Amino acid sequence: MASVSSQPQFRYTQPPSKVLHLRNLPWECTEEELIELGKPFGKVVNTKCNVGANRNQAFIEFADLNQAIAMISYYASSSEPAQVRGKTVYLQYSNRQEIVNNKTTADVAGNVLLVTIEGQDARLVSIDVLHLVFSAFGFVHKITTFEKTAGFQALVQFSDAETATSAKNALDGRIIPRYLLSENIAPCTLRITYSAHTDLSVKFQSHRSRDYTNPYLPVAPSAIDGSGQFSLGLDGKKLEPESNVLLASIENMQYAVTLDVLHMVFSAFGPVQKIAMFDKNGGVQALIQYPDVQTAVVAKEALEGHCIYDGGFCKLHISYSRHTDLSIKVNNDRSRDYTIPNPAMVNPQPSILGQQPVQTVGATAAHQYNGTQYAPPHPQPSAGWASGVPAVPQSAAGQMTSHPYMPPASMPQMTPAGMMQMPAHSGVPPAGAVPPYRPNPM
DNA sequence: AGCACA
């Protein structure tokens with residue numbers, strides 16, 4: 001056995017332990033780096049990093065005392081000090097015999113996330129908004145929400161721990177994008193840990209819980225309205241029946257609002273399948289069809305009462321239509337079916353109304369909507385929407401293509417979250433989903 | 001650069 005006596009300092013000499021105490025580590029040293037460091041001397045059975053006020057200390061626990069002794073002995077006589085990322089690390093025996101409570105369940109990666117929504121209005125965040133936010137990272141199986149001492153919380157179930165981890169890394173500590181919430185709602189911060197759950201039990205589709213893998217799950221009686229449609233309001237309060245088709249009327253239409261303008265405005269929230277414009281009561285109205293209700297809900301909440309142009313021009317009033325699938329007979333300047341792959345070409349096949357050609361929509365959508373989704377859609381104050389709106393609104397359609405819908409430079413390109421709303425019966429996670437948040441903005 | 005916390 002090698003002697004430790006070459007160490008000049010004896011003041012803090014510890015009796016041997018299979019746990020080693022490390023100091024002077026680089027900030028936020030990882031567990032992997034600690035394992036790398038200890039591996040040559042034996043089996044590292046546990047570690048703990050980011051210890052101490054400066055989070056620059058750590059512990060390594062070996063399977064066997066002799067392995068810890070081997071490591072201490074080696075570096076006691078080595079000319080090269082132990083290093084992590086080029087920084088000298090100081091080693092000594094710990095004064096404890098094992099690492100205790102290194103990991104809590106919150107640290108063990110799993111497929112279910114425990115999400116705490118912080119903020120004044122946290123409990124006004126709907127399950128649909130949460131679904132939208134988390135769907136950007138993969139297929140969300142189930143969501144449950146509940147009220148605890150910690151506040152308003154949700155469990156979000158993904159297929160696997162990897163997907164959950166990517167969502168956690170991207171979203172933990174961030175706020176829910178403002179434009180997904182009503183504008184009078186205070187900012188809501190997401191705090192995310194892993195849950196010990198692996199499969200949530202959802203008995204009803206309700207305003208508190210959803211199972212997106214099972215469209216046949218009974219809807220909670222409190223969540224059904226007279227028409228048999230979902231009417232899942234916040235805290236169960238009744239709303240007008242939601243629909244995937246929105247009815248927009250345009251007030252104070254000082255400037256021409258074209259089909260293209262509407263398409264761009266509403267595409268910010270997901271793929272627009274069809275638009276039909278018509279005159280009513282001396283004004284212009286339009287029906288806008290999304291593939292799913294959730295996207296329509298988000299669009300409605302974000303756009304209701306907003307103006308397409310600064311100065312109170314072309315104010316939008318939005319309600320849910322009773323339609324679920326518009327019948328577009330002809331593509332012209334007042335109506336369009338965007339689900340037809342190439343509208344420029346005359347399609348000899350009649351459009352497949354009543355069905356939802358998901359792949360086709362997805363493909364076109366990826367092309368058309370990429371980048372626009374997370375441009376903040378709030379007209380007045382926010383960057384990216386009406387701030388760049390034409391001073392010469394007559395050519396609005398053309399101008400809007402080049403200006404106001406460009407996402408801010410800081411926003412990574414992404415696939416619209418709306419597209420990732422999987423049909424509930426599909427159960428297949430979207431491939432190549434690009435999260436809307438960078439894991440590490442640096 | 002000197003011993004953690006669910």
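First the proteins, then the strands, lettered A, B, ... as listed; each starts at 1. Keep in mind the model is a prediction, meaning the values are calculated, not measured.
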Quiz item: Short question: side chain of A/Gln157, backbone of A/Leu200 - any donor-acceptor pair under 3.5 Å?
Solution: yes
Quiz item: To the nearest Å, how far apart are A/Leu91 CG and B/dA1 C1'?
Solution: 12 Å
Exercise. Output yes if the stacking criterion (under 5.5 Å between centres, under 30° between planes) is met for A/Tyr90 over the base of B/dG2, else no.
Key: no
Quiz prompt | Atom-to-atom span, NE2 of A/His21 to P of B/dC5 - whole angstrom | solution = 12 Å
Quiz item: Closest approach of A/Phe269 and A/Ala302, non-hydrogen atoms and distance?
Solution: CE2-CB, 3.4 Å
Practice problem: When you get a sec, tell me which of B/dC3, B/dA1, B/dA4 is the closest nucleotide to the side chain of A/Asn24? | Solution: B/dA1
Quiz item: When the distance from CD1 of A/Ile99 to C1' of B/dC5 is rounded to whole Å, what number comes out?
Solution: 13 Å
Quiz item: Just checking A/Asn95: base, sugar-phosphate only, or nothing, at a heavy-atom cut-off of under 4.0 Å?
Solution: base
Quiz item: Considering heavy-atom distances to DNA chain B, does A/Val51 or A/Lys87 have its closest nucleotide positioned more toward the 5' end?
Solution: A/Lys87
Quiz prompt | Residues A/Ser166 and A/Asn169: side-chain donor-acceptor under 3.5 angstrom | solution = no
Self-check item: Salt-bridge present (A/Lys203, A/Asp211; N to O < 4.0 Å)
Solution: no
Exercise. For A/Gln92 and B/dA1, give me the distance from atom CD to atom C1', rounded to whole Å.
Key: 9 Å
Quiz item: When the distance from CZ of A/Arg96 to C1' of B/dA4 is rounded to whole Å, what number comes out?
Solution: 6 Å
Practice problem: Identify, between A/Arg23 and A/Gln97, the residue whose nearest nucleotide on DNA chain B lies closer to the 5' end. | Solution: A/Arg23
Practice problem: Look at all strands and tell whether A/Glu61 reaches a base, only sugar-phosphate, or nothing, counting heavy atoms closer than 4.0 Å. | Solution: nothing
